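Both backbone and side-chain heavy atoms feed into the values below; hydrogens, waters and symmetry mates do not. This structure is a prediction, so every number in the text was calculated from the model and none was measured. Each ligand, and each atom within it, is numbered from 1 in the order the structure gives.
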Amino acid sequence: MEDIYSLWHYLQERFKETLSKVSYDTWIDSAVPIRLTETNIIIEVPSSLHKDYWQNNLATRVVEGTYEFTNREVSPIFMIKNEEVKSPDKEGTHLKGKKPFKQAQLNGKYTFDTFVIGKGNQMAHAAALVVAEEPGTIYNPLFFYGGVGLGKTHLMHAIGQQMIQLRPNAKVKYVSSETFANDFINSIQNRTQEQFRNEYRSVDLLLVDDIQFFADKEGTQEEFFHTFNALYDERKQIVLTSDRLPNEIPKLQERLVSRFAWGLSVDITPPDLETRIAILRNKANSEHLEIPDDTLSYIAGQIDSNIRELEGALVRVQAYSAIQGRDITTSLAADALKSILPTDKPKAVTIYAIQQAVCKFYQLTLEELKGKKRTKNIVVPRQIAMYLCRELTDSSLPKIGQEFGGKDHTTVLHAYDKIKTIIKKDSALEHEIKTITNNLTNK
Ligand SMILES: Nc1ncnc2c1ncn2[C@@H]1O[C@H](COP(=O)(O)OP(=O)(O)OP(=O)(O)O)[C@@H](O)[C@H]1O
């Protein structure tokens with residue numbers, strides 16, 4: 001069979017003749033040939049956007065070019081690049097005769113080198129570095145909390161990779177809280193609990209992402225409590241992330257909340273404009289994109305709360321420029337982002353949306369929220385929901401009352417006044433309400 005690299009070289013030359021430089025750099029340079037079989041050529045591309053483009057615009061030329069080169073008809077398969085790289089540690093894969101649990105999956109792109117430091121994440125970055133260099137001693141556990149897409153996962157992976165670099169034999173495990181829960185449940189079903197425990201309790205660094213999803217999972221919390229203790233007693237490092245502080249996670253056992261507070265909790269807040277520009281510049285450089293400074297500032301000025309979306313905007317601008325065959329300028333960026341940027345009109349928030357958001361945050365059902373039960377864990381969220389309805393919608397007090405299971409308007413007014421008074425003194429509650437409001441208005 002022909003050598004795929006010679007074929008790829010042939011295809012590249014063919015594309016060079018027909019595509020503009022920016023198109024070539026965007027689509028062809030980022031693709032990697034993986035395998036040539038009797039019937040297929042497998043090509044790896046970096047994102048779903050690239051895959052669509054290849055399928056719609058370039059696939060036929062791959063078929064033609066391959067035919068010219070090999071005299072065979074093959075159909076192309078485009079695979080999205082799996083960004084995850086395995087940690088060098090392989091110990092767990094040799095457990096005798098037993099199916100191993102998933103090993104540390106660290107994203108090679110999420111390192112300290114690629115992390116831009118700014119006001120909102122300075123402290124988190126510093127703590128992460130300390131933990132990578134001095135695991136298990138100073139800040140244990142290290143707990144990152146903050147909004148969506150602000151770099152918590154990135155820092156976790158960076159810690160893992162830095163630790164492996166400093167101590168190549170270190171055993172690092174990164175999991176989402178859902179993976180932990182699933183591994184645990186599977187271990188019960190398959191009667192492999194001992195293996196599960198060995199796997200989780202023998203690591204030097206355990207990274208668990210998004211532990212707010214432990215809420216409501218009693219059994220998993222129980223198991224995690226023991227995992228935590230075993231690691232902590234052995235002075236192994238534990239790093240956790242969540243979208244909020246441990247004591248704000250509903251139904252998280254008190255003993256876990258108190259253990260999480262043993263170490264250091266650091267929040268990550270949205271980046272300021274300078275940091276956002278620096279993140280974009282870094283990203284543009286690593287993708288070898290030429291983008292004028294004023295265009296980077298323009299993009300960074302449009303998206304201010306979520307770095308994942310900021311990166312998405314850059315990919316969009318890049319693709320738009322390639323499709324249009326135009327250089328990246330501010331006006332091109334404005335065209336490219338038109339459809340994803342919020343319009344000036346504020347998004348209408350409805351009573352129903354508020355009820356949903358409050359239920360989600362406090363892990364209640366809609367029936368409980370709208371019902372008559374007067375236990376504290378329901379009454380306060382109910383009053384918060386009523387407060388938010390008054391603050392964020394134009395609805396009248398009777399209308400709000402009606403939407404809460406037919407309550408009187410004086411009940412709504414009482415709830416509103418009560419919450420308004422409490423938040424002046426109770427900053428934790430104020431923070432919770434802010435988080436719910438952000439969830440409602442940012443998405
Ligand atoms: N300071 C930074 N420098 C460079 N890139 C960053 C930075 N912060 C975040 N990013 C990038 O933004 C994207 C989102 O970050 P990440 O996935 O770590 O967010 P997160 O806080 O874990 O979000 P979630 O709550 O959704 O899990 C990633 O691609 C990450 O590399």
Worksheet entry | Cationic N near anionic O, under 4.0 Å, Glu178 to Lys217 | no
Worksheet item: Considering only the protein, which heavy-atom contact is closest to atom 9 (C) of ligand 1, and what is its distance?
Response: Gly151 CA, 3.4 Å
Worksheet item: Given the rule in the side-chain contact (heavy atoms from CB on, under 4.5 Å) test, do Ile159 and Leu142 qualify, once you have shown the distances and angles that lead to the verdict?
Response: CA-CA 11 Å; Ile159 295 171; Leu142 177 59; 4.3 Å; yes
Worksheet item: With atoms numbered from 1 as shown, which atoms in ligand 1 lie under 4.0 angstrom from a non-hydrogen atom of Asn121?
Response: 1 (N)
Practice prompt. Report yes or no: is the cationic atom of Arg259 (NZ for Lys, CZ for Arg) under 6.0 Å from the centre of the six-membered ring of Tyr232, at an angle within 45° of the ring normal?
Written response: no
Worksheet item: Does Thr153 approach ligand 1 within less than 4.0 angstrom via side chain, backbone, both or neither, non-hydrogen atoms only?
Response: both
Worksheet item: Please state which protein non-hydrogen atom is closest to atom 11 (C) of ligand 1 and give its distance, to 0.1 Å?
Response: Glu311 OE2, 3.3 Å
Discussion item. Any nitrogen or oxygen of Phe115 lying under 3.5 Å from a nitrogen or oxygen in ligand 1? Just yes or no.
Written reply: no
Discussion item. Tell me whether Gln355 contacts the main-chain N or O of Ala385 through its side chain, where contact means a donor paired with an acceptor under 3.5 Å.
Written reply: no
Worksheet item: Are a donor atom and an acceptor atom from the side chains of Tyr362 and Glu432 found within less than 3.5 Å of each other?
Response: yes
Worksheet entry | Under-4.0 Å heavy-atom contact with ligand 1, by part of Asp210 that carries it | side chain
Discussion item. I'd like to check which ligand 1 atoms, numbered from 1 as shown, lie under 4.0 Å from a non-hydrogen atom of Val148.
Written reply: 23 (O), 25 (O), 26 (O)
Discussion item. Could you identify the single nearest non-hydrogen protein atom to atom 23 (O) of ligand 1 and state the distance to 0.1 Å?
Written reply: Gly149 N, 2.8 Å
Fill in: Name of the residue among Lys236, Gln237, Arg167, Lys171 meeting side-chain hydrogen bond (donor to acceptor under 3.5 Å, both in side chains) with Asp204
Lys236
Worksheet item: Is the shortest side-chain N to carboxylate O distance from Lys152 to Asp243 below 4.0 Å?
Response: no
Worksheet entry | Test: Glu223 and Arg197 ion pair at under 4.0 Å | yes
Worksheet entry | Atom of Ala215, atom of Pro250 and distance for their closest heavy-atom approach | CB-O, 3.1 Å
Worksheet entry | Distance from atom 17 (O) of ligand 1 to nearest protein heavy atom, with residue and atom | Arg308 NH2, 3.0 Å
Fill in: From the candidates Asp243, Ile117, Thr111, Val116, the one that places a heavy atom nearest atom 2 (C) of ligand 1
Val116
Worksheet item: Looking at Ile307, which atoms of ligand 1 are within less than 4.0 Å of one of its heavy atoms?
Response: 6 (C), 7 (C), 8 (N), 9 (C), 10 (N), 11 (C), 12 (O)
Worksheet item: Could you state the interatomic distance from CG (Asn182) to CD (Gln189), rounded to the nearest 0.5 Å?
Response: 9.5 Å
Worksheet item: Among protein heavy atoms, which lies nearest atom 28 (C) of ligand 1, and at what distance?
Response: Tyr110 OH, 3.4 Å
Worksheet entry | atom 20 (P) of ligand 1 - nearest protein heavy atom and its distance | Lys152 N, 3.6 Å
Worksheet item: Tell me: protein heavy atom nearest atom 4 (C) of ligand 1, and distance?
Response: Thr114 O, 3.3 Å
Item to complete: Return the residue, atom name and 0.1 Å-rounded distance of the protein heavy atom closest to atom 18 (O) of ligand 1.
Response: His154 N, 2.8 Å
